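Predicted model, so just to flag it, every value in this text is computed and none were measured.
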Amino acid sequence: MPAASAPPPPPPPAPNPEPAPNPEPTPNPELDALVATMHRLRAPGGCAWDRDQTHASLVQYLTEETYELIEAIEAGTREEPIEELGDVLYQVLFHADIEAEAGSFTLEDVARHMRLKMVARHPHVFGDAVADTPDDVVAAWEHIKSIEKAHRSSVLDGIPQAMPALALADKVLGRAAKVGVVRDAAPIPETEDELGEQLLSTVAAARAAGLDSERALRSALRRLSGDIRIAEGP
């Protein structure tokens, strides 16, 4: 009877796995903690008020916090912008968390979109383009933006009409110049302090005459917008 074949040798012992490297500390631990705090507040069992909010219900808070940040910046102190920047940041996280819960997109998607946008609009930093002066940078930015927004049919597209009237006027006048619509400029003082006093005096005179300065300026802007669209053609 033939002898039984010898059993195969046992497999060599598996090498000891190398210990997993210690995870690198996050570069923004407080930001990550704030994101986690937001998620906890809006998770089941969290805060009923936070879970009840929508994009629309939060608009009033975003507007208020933005104006408070502007006021803090203009005040020129360090402490106030820290708080107000945090309030605005929290609004961004809030809106992003609403979308994450709905399965639409996440805060990472928002950050990725903004990063790619900034890289694309700064080819003089991330590419081979040259822009040595701030004016060169603005010109390149506008050119790239015009390519990205080629679907827009008017230079007025993309201007939020809910902007305060003075800020809206500055924006619309800038777009008007692009299509050759120029408005006569009234003489103004040499300094912003003097200009502020002049504007305030104009508002005071309008108020005394029973006129609404905000409404009047918006009406003038609608007429200017009409002139712009005529200049752009059909």
A side-chain contact here means heavy atoms from C-beta on lying under 4.5 Å apart; do [X] and [Y] qualify?
X: Tyr67; Y: Ile70; result: yes
X: Gln198; Y: Pro189; result: yes
X: Arg152; Y: Lys145; result: yes
X: Arg42; Y: Ile98; result: yes
X: Leu69; Y: Asp87; result: no
X: Ser213; Y: Thr202; result: no
X: Asp132; Y: Val137; result: no
X: Leu221; Y: Gln161; result: no

Exercise: identify the closest heavy-atom pair between [X] and [Y]:
X: Ala43; Y: Arg51; value: O-CD, 3.4 Å
X: Val172; Y: Leu156; value: CG1-CD2, 4.2 Å
X: Ser153; Y: Glu232; value: O-OE1, 4.4 Å

Which value, rounded to the nearest 0.5 Å, describes the distance between [X] atom [atom1] and [Y] atom [atom2]?
X: Glu65; Y: Glu83; atom1: CD; atom2: CD; value: 8.5 Å
X: Leu168; Y: Leu217; atom1: CG; atom2: CG; value: 7.5 Å
X: Glu197; Y: Glu192; atom1: CD; atom2: CD; value: 13.0 Å
X: Leu166; Y: Lys171; atom1: CG; atom2: NZ; value: 14.5 Å
X: Glu71; Y: Thr66; atom1: CD; atom2: OG1; value: 13.0 Å
X: Asn28; Y: Leu34; atom1: CG; atom2: CG; value: 11.5 Å

In terms of the angle between their ring planes, are Phe94 and Tyr90 parallel, tilted or perpendicular, with boundaries placed at 30° and 60°? perpendicular

Aromatic rings His55 and His95: how do their planes relate, parallel, tilted or perpendicular, breaks at 30° and 60°? parallel

Can you check whether [Y]'s main-chain N or O pairs, donor with acceptor, with [X]'s side chain at less than 3.5 Å?
X: His143; Y: Ala139; result: no
X: Glu80; Y: Ile73; result: no
X: Asp157; Y: Ser154; result: yes

Salt-bridge test for Glu148 and Arg121: reply yes if a basic N is under 4.0 Å from a carboxylate O, no otherwise. yes

Hydrogens and angles aside, do Arg222 and Ser225 bring a side-chain donor and acceptor to less than 3.5 Å of each other? no

Looking only at side-chain N and O atoms, does Thr133 offer a donor or acceptor that is under 3.5 Å from a partner on Asp136? yes

Residues Asp109, Thr106; criterion side-chain hydrogen bond (donor to acceptor under 3.5 Å, both in side chains); working and verdict: CA-CA 5 Å; Asp109 295 319; Thr106 68; 3.3 Å; yes

Under the criterion side-chain contact (heavy atoms from CB on, under 4.5 Å), which of Val110, Thr37, Leu107 is the partner of Leu93? Leu107

